[in-house]
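All values below come from the heavy atoms of this structure, side chains included, with hydrogens, waters and symmetry mates left out.
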Amino acid sequence: MHAFYSPVQARHAPVQELHNGGFAAYAETPARIDAVLAAIGPTDVPQDRGIAPIARVHDAAYLDFLNAAPRLWREAGRPGDAIPYAFPIVGRRPLALSRIDALLGAHAFDATTPITSDSWDAAYWSSQSALAAAQAVLAGERAAFALCRPPGHHAGADYCGGYCHLNHAAIAAQAARDAGIERVAILDIDYHHGNGTQDIFWERGDVFYASVHADPATDYPFYWGHADECGAGAGAGATLNLPLTQGTRIDAFRAAQATALEAIAAFSPGVLIVSFGADTWVGDPISSFALATADYAVLARDIAQCGWPTAILLEGGYAVAELGDNVASFLSGF
C-alpha cells in the first residue's frame with residue numbers, strides 16, 4: 001500500500017494547550033509521526049498540488065488568517081504560540097476584525113489548537129498527503145494511506161479546533177468529486193466526532209458522512225455528533241451519526257461500523273475516505289473506548305471487503321508508544 005507523508009508536517013510543535021481547565025503539554029506531538037513511521041516503514045513524499053484543492057473547501061479569508069496569525073501575534077508583542085481566549089456565542093464577524101485576539105476567536109472553537117509559525121506549512125503538507133492518497137486510489141490503487149499530522153476532521157470551512165487547522169478528509173473528498181467521482185463517502189472512526197467534516201458537507205447530497213464516535217453528551221466536541229443530526233437541504237439524510245458510550249469494546253464498535261457501512265453501500269460511492277483515529281485504543285490518554293490493537297485489523301477487513309477504492313487518513317491517537325502498532329494493525333486489514 002502506498003503511504004504518503006512530508007517531513008514538513010513534523011515542524012508543527014506547539015508547547016501547550018488549554019485542557020480540562022488548565023494548561024497542559026500539547027498532546028498532538030510530532031512524536032506521533034516517528035511512532036507511525038517506525039511501524040509502517042518507508043513513505044512517499046506527496047506531490048505539491050497547490051492551494052487550489054484546499055481553497056475548494058476552506059474560505060479564502062480563513063486561509064489568509066492561518067498564514068497571517070503568527071505574524072500578527074508577534075506584532076502584538078505576544079510570546080509563544082497564538083491561542084484564542086474570546087469566543088463569540090452568536091454571530092462571527094471576522095471581516096470586521098483586525099486585532100489578533102478577535103481574529104483567533106472568530107476562526108476557532110476551542111483553545112486546544114495553537115497556531116505556530118510552522119502550523120500553516122505542516123497543515124498544508126498534511127493536506128497534500130491526503131490529496132496524494134486520494135489520487136492514488138483514483139488512479140486505480142485499491143487503498144492508500146496518508147499520515148496526516150496535524151489531523152483534520154475538526155476543522156470547518158472557516159475555523160480550527162481539536163488540533164486541526166485544515167480538513168484533509170474534506171479536501172480529499174472534494175478532490176475526488178472534482179475528478180469526476182459522482183458520489184464520495186467519508187467514514188469517520190476516530191474517538192471524537194468529526195464536526196468540521198459534518199459542517200462542510202451538511203447541506204450537500206453528493207458526499208455522505210458517517211461517523212462512529214463517543215457520545216457528545218459526555219465527550220468532546222459536545223455540540224456536534226448527536227444521533228439526530230442527519231444533514232439539511234440537499235444534504236438531508238447524507239449524514240449518519242452513531243454515538244457510543246464510554247468503555248465501548250470491539251463488538252459494539254464493529255456493529256456500529258457495520259451500520260455505517262450498510263448506509264454507505266446504499267449511497268453507492270465511487271470512492272471512500274476513511275478518517276481513522278487510533279484514539280479508540282484502550283489506553284489512549286484522552287479517550288475512553290476499549291479497543292485492542294488486534295481489533296483494528298478486524299475493522300479494516302470489514303471496510304476492505306466492501307470493495308470501494310479507499311483513501312485512509314490518520315486523525316487522532318495519543319498513546320504515542322502504541323500508535324505505530326495500532327496504525328499498522330489497521331493498514332494490515334487492507
Side-chain angles (χ1 to χ4, degrees), residues 1 3 27 32 35-36 39-40 142-143 145-148 151 153-154 162 169 185-195 197-198 208-221 224-227 239-266 272-308 310-334:
M1 182 190 298
R32 300 176 67 236
V36 174
I40 70 172
R142 182 185 180 203
F145 173 64
L147 202 179
C148 293
H153 71 154
H154 292 303
I186 300 171
L187 174 64
D188 193 324
I189 49 173
D190 185 275
Y191 180 81
H192 305 95
H193 178 255
N195 57 289
T197 312
Q198 174 174 291
F208 189 91
Y209 177 69
S211 179
V212 181
H213 54 270
D215 192 337
T218 60
D219 281 88
Y220 180 97
W224 297 267
H226 298 267
T239 292
L240 174 65
N241 285 304
L242 298 164
L244 299 172
T245 59
Q246 293 184 355
T248 289
R249 298 180 181 275
I250 182 59
D251 288 347
F253 195 99
R254 190 182 186 192
Q257 180 179 273
T259 299
L261 292 174
E262 182 179 356
I264 290 171
L272 177 68
I273 310 295
V274 175
S275 282
F276 168 66
D279 47 0
T280 53
W281 184 69
V282 63
D284 192 89
I286 65 172
S287 307
S288 301
F289 281 173
L291 300 191
T293 298
D295 294 336
Y296 293 118
V298 175
L299 295 173
R301 282 196 296 271
D302 289 347
I303 299 168
Q305 286 171 1
C306 295
W308 303 303
T310 303
I312 305 158
L313 316 184
L314 182 63
E315 298 286 358
Y318 307 102
V320 175
E322 294 79 15
L323 179 60
D325 288 341
N326 290 335
V327 171
S329 176
F330 187 79
L331 298 183
S332 74
F334 281 82

Set of side chain to side chain donor-acceptor pair (under 3.5 Å) partners for Ser275, sequence neighbours left out: Glu315
Check: Arg32 side chain, Gly317 main-chain N or O, donor-acceptor pair, under 3.5 Å: yes
Test item: Ser329 side-chain N/O and Ala297 main-chain N/O as donor-acceptor pair under 3.5 Å: yes
Side chain to side chain donor-acceptor pair (under 3.5 Å) partners of Trp308, counting only residues at least two apart: none
Glu262 atom CD, neighbour heavy-atom count above 12 within 6.0 Å: no
Contact check, side chains of Ile303 and Ile189, non-hydrogen atoms, under 4.5 Å: yes
ring-ring contact (aromatic ring centres under 6.0 Å, His included) partners of Phe208, counting only residues at least two apart: Phe267
Close side-chain approach of Asp188 and Phe276, heavy atoms under 4.5 Å: no
Asp215 side-chain N/O to Pro243 backbone N/O, donor-acceptor pair under 3.5 Å: no
Donor-acceptor pair, side chain of Ser287 and main chain of Asp284, under 3.5 angstrom: no
Ala255 backbone acceptor or donor facing Thr259 side chain under 3.5 Å: yes
Expected output: side-chain Asp302 to main-chain Leu299 donor-acceptor under 3.5 Å: no
Within the 6.0 Å centroid threshold, strictly below: Tyr220 and His193: no
Non-neighbouring partners of Tyr318 that pass side chain to side chain donor-acceptor pair (under 3.5 Å), sequence neighbours left out: none
Set of residues satisfying side chain to side chain contact (heavy atoms under 4.5 Å, CB included) with respect to Asn326, sequence neighbours excluded: Ala278, Trp281, Thr293, Tyr296, Glu322
Heavy-atom check, side chain of Asp279 versus side chain of Phe289, under 4.5 Å: no
With sequence neighbours excluded, residues passing side chain to side chain donor-acceptor pair (under 3.5 Å) with Thr310: none
